[in-house]
Amino acid sequence: MTTRFRRVPAFALFTAVLTFGAVGAATPKGQPQTLPFPVAQLFFELNDSAGDLGIHAEIDGNAWTSLEIEGPGDRPLLSLVSKGKLRTQGLTQLAFESAEPSFDELDPADFFRRFPQGKYDIEARAQGGGTYESTVYLSHVLAARPGNITVNGVPAVNCDVTPLPEVVAPVVVRWDPVTTSHPRIGKTGPVQISRYQFFLEYPQGKLSIDLPPTQLAYEPPFAETDRGRTFKFEIIARTATGNNTAVESCFTLK
């Protein structure tokens with residue numbers, strides 16, 4: 001089982017890629033309203049190093065008591081109903097990540113058949129009456145993996161390689177811009193990178209940083225006590241449609 005980086009959703013960064021359902025026309029006084037979610041997104045994440053795929057969701061808004069997601073052809077994807085004290089309190093935020101079996105267990109073509117490309121409707125019952133509704137587009141076009149990754153000029157390697165490259169601080173990780181869709185997984189199509197993400201596992205925690213699409217290098221901070229330790233890092237290329245393509249590597253700080 002591959003150890004994955006766990007990330008706190010940065011909801012504010014995702015609003016630019018949404019296709020909201022239209023806000024309903026003005027309703028008579030006292031009648032329930034239909035409003036879009038402030039944040040609603042479905043997207044895929046490919047770990048190109050581990051060879052696995054998953055579907056993710058990030059939804060945020062005011063209090064609601066039940067929520068449903070339907071895919072193309074009104075096919076149900078998810079149904080949630082809060083009860084008891086939780087229903088009284090109300091829910092405002094939902095983020096989920098599916099299981100990510102390896103390609104040996106679930107071929108990418110079979111995975112994409114489970115989650116067809118197209119429009120998905122997200123609807124929730126507002127706690128105070130009325131509904132929240134948004135329509136998002138789930139794309140099968142994934143970015144190619146960040147390529148030509150180097151650590152202080154040394155080509156990056158898979159974490160299973162031994163011995164791992166040894167580098168001396170200061171450490172600079174560089175990669176080439178991602179400009180095309182993935183050559184083997186998903187559909188072929190135009191790709192626009194909205195941002196890169198860099199993650200680094202420290203013994204005392206994890207570093208996570210978002211980078212603009214024009215920045216193709218990052219210098220993680222290290223302390224003298226970090227010398228002699230092995231570090232794992234991950235670079236993610238995120239498309240304008242929200243899909244993530246990740247690549248992992250390791251090195252030893254000399």
What are the two closest non-hydrogen atoms of [X] and [Y], and how far apart are they?
X      : Y      : result
Gly118 : Pro72  : CA-CG, 4.1 Å
Asn47  : Ala50  : OD1-N, 2.8 Å
Ala95  : Glu58  : CB-CG, 4.2 Å
Cys250 : Pro165 : O-CD, 3.9 Å

request  = Please name the residue in the list Val167, Leu253, Val172 that meets the side chain to side chain contact (heavy atoms under 4.5 Å, CB included) test with Val151.
outcome  = Val167
Test applied, side chain to side chain contact (heavy atoms under 4.5 Å, CB included); reference residue, Gln93; option that passes from Val39, Asp60, Ile59 =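 With Gln93 as partner, Val39, Asp60, Ile59 yield a single side chain to side chain contact (heavy atoms under 4.5 Å, CB included), made by Asp60.
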request  = Kindly check if the number of other-residue, nucleotide or ligand heavy atoms within 6.0 Å of CD (Gln89) is above 12?
outcome  = no
key: Whether over 12 other heavy atoms sit under 6.0 Å from Arg229 CZ   =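 Yes, CZ of Arg229 has more than 12 neighbouring heavy atoms, counting only those of other groups under 6.0 Å.
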task = For the residue pair Thr65 and Ser82, confirm or rule out a side-chain donor-acceptor distance under 3.5 Å.
result =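 The criterion, which ignores hydrogens and geometry beyond distance, is not satisfied for Ser82 and Thr65.
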task = Could you tell me whether the side chains of His182 and Asp48 share a donor-acceptor contact shorter than 3.5 Å?
result =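 Per modelled atom types, His182 and Asp48 side chains form a pair under 3.5 Å.
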State, yes or no, whether a side-chain contact exists between [X] and [Y] at a heavy-atom distance under 4.5 Å.
X      : Y      : value
Leu42  : Ile69  : yes
Arg238 : Asp210 : no
Lys232 : Phe199 : no

message = Ring-plane angle category for Phe222 and Tyr202, please: parallel below 30°, perpendicular beyond 60°, tilted otherwise.
response =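 The arrangement is tilted - the two ring planes meet at 30° to 60°.
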message = Over 60° means perpendicular and under 30° means parallel, so tell me whether Phe198 and Trp175 are parallel, tilted or perpendicular.
response = parallel
ask   = Is the backbone of Leu46 close enough, under 3.5 Å, to the side chain of Thr245 for a donor and an acceptor to pair up by distance?
value = no
ask   = Under 4.5 Å between side-chain heavy atoms, hopping through other hydrophobics if needed: is there a path connecting Val81 to Leu77?
value = no
key: Centroid-centroid under 6.0 Å between Tyr218 and Phe233 rings   = no
query = What residues join Val161 in its hydrophobic cluster, counting side-chain heavy atom gaps under 4.5 Å, either direct or through other members?
reply =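 Listed partners: Val157, Leu164.
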